[in-house]
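Positions are given from 1 along the sequence. What you see is a predicted model; the values in this text were computed from it and never measured. Both counts, for ligands and for their atoms, begin at 1 and track the order of listing.
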Amino acid sequence: MRETEQRATRAYMENFGEEPDLVASAPGRVNLIGEHTDYNGGFVLPCAIDRRIAVAAGTGDGELYSADFDETRSIGEKDSSWADYPRGVAWAIGEAGHGIGVFRAAFAGDVPLGSGLSSSAAIEAATALAIDALYGLGIGRTDLAVLCQRAENEFVGVNSGIMDQYASLLCEAGAALLVDCRSLEAQSVPLDLEDAGLSLIVCDTRVERGLADTGYNDRRAACEHAASTLGVKELREATEEDLHRLYGEELKRARHVVSENARVMEAVEALKDADFDEFGRLMYASHVSLRDDYEVSTPELDAFVEIAEEHGARGARLTGAGFGGCAIALVPEGETADLTKACERAFAGRGFEEPAFYEFVPAAGAELAR
Ligand code: ADP
Ligand code: MG
């Protein structure tokens, strides 16, 4: 068992006085390329990270315990706490017509929360897999992901796309996941960083994503306008030639989406060939497009990408919605300490918040513990 799974098991035994019926866990994720493409029906390419949330579960009286918050909550409520995620998943599974009884569960995890690494999808996916196994429902992974998304959208009230839940439930170790956000088809793509001698570094710039909501909504609206100007349902269907018919803001936003979708497909080919020079070039190009056309970068994110490039990163880019949050880089093994030190110095010198750094390994999606 993984460490988080052991902690969840212990928490269950200490709180409920018996062994759980089963233990499941699910990872957070980072998006390697394909940003602001999901709500345009396009492509994303996330990978799961080696940080997980585990749940120990058994039939019982509806108590939910979090080892990390050291709190017990009842499943039959809604209170804007962490417990709304597992409650929402149970609700969504019920809404889909599956009969489930009352269960109890203990959670423990190490996905940094609220950092854009999708701890929310991790707790949803772990809960969904546990409920599915506990009641022998036999719901497939993609359907579980859709139910988790419904839990987050409708029960918790956060309007997120399908990427996070897909990544948490469908990723494989040593691989990325190509998701077509229109058809909801997904395909594993090899991502052998060890073989390539590369480390995946995440820099959390710790910038409050203050303008994120309005900025995000503005971008979505501009994309919808651009699509309707072009007479297509979603920008996924727009081509490079179509861009000649757009002006100003609509042109810039659409140009990012159209070029980013193309970059994701090229990135998949590069990974299949283990061509990390090409993959890295596409990451840098994605950043430039997000910075100049989509205008969602920040001085901190730009600084990280620049410093990463100076330190020999094959590729680097902001990841997530932007306006703060995280950036990623693929760095030659052994260069990571130099990069993070240089970054800390530069950030301090420019009066930025002190960043947090993580190094992740592309990990397995949700699993039942053995
Ligand atoms: P992100 O998904 O980017 O990490 P969110 O705000 O979407 O950020 O989700 C974070 C929320 O998920 C936390 O506020 C908490 O409610 C829940 N959560 C995350 N990690 C845990 C955990 N280890 N135990 C219980 N709840 C957690
Ligand atoms: Mg989240």
Does Glu19, at its CD atom, have more than 12 non-hydrogen atoms belonging to other residues, nucleotides or ligands within less than 6.0 Å?
no

Assess whether atom NZ of Lys233 is packed by more than 12 heavy atoms of other residues, nucleotides or ligands within 6.0 Å.
no

Just checking, is any N or O donor in the side chain of [X] or [Y] under 3.5 Å from an acceptor N or O on the other one?
| X | Y | answer |
| --- | --- | --- |
| Ser297 | Arg291 | no |
| Arg263 | Ser289 | yes |
| Ser66 | Asp68 | no |

Check the orientation of Phe352 and Phe347. Use parallel for under 30°, tilted for 30 to 60°, and perpendicular for over 60°.
perpendicular

hydrophobic_cluster_shared for Val102 and Phe155, side chain cutoff 4.5 Å:
no

Do Val257 and Leu282 belong together in a cluster built from hydrophobic side chains that touch within less than 4.5 Å?
no

Could you grab the protein N, O or S atoms closer than 2.8 Å to the Mg ion (ligand 2) for me?
Ser120 OG

Could you tell me, for ligand 1, which of its N or O atoms are under 3.5 Å from any protein N or O, listing the pairs and their distances rounded to 0.1 Å?
unit_1: ligand 1; atom_1: 2 (O); unit_2: Ser119; atom_2: N; d: 3.2
unit_1: ligand 1; atom_1: 2 (O); unit_2: Ser120; atom_2: N; d: 3.2
unit_1: ligand 1; atom_1: 2 (O); unit_2: Ser120; atom_2: OG; d: 3.0
unit_1: ligand 1; atom_1: 3 (O); unit_2: Gly116; atom_2: N; d: 3.0
unit_1: ligand 1; atom_1: 4 (O); unit_2: Gly114; atom_2: N; d: 2.9
unit_1: ligand 1; atom_1: 4 (O); unit_2: Ser119; atom_2: N; d: 3.0
unit_1: ligand 1; atom_1: 4 (O); unit_2: Ser119; atom_2: OG; d: 2.6
unit_1: ligand 1; atom_1: 7 (O); unit_2: Ser120; atom_2: OG; d: 3.1
unit_1: ligand 1; atom_1: 8 (O); unit_2: Gly114; atom_2: N; d: 3.4
unit_1: ligand 1; atom_1: 23 (N); unit_2: Asp68; atom_2: OD2; d: 2.8

Only one of Val296, Val288, Asp293 clears side-chain contact (heavy atoms from CB on, under 4.5 Å) with His256; which?
Asp293

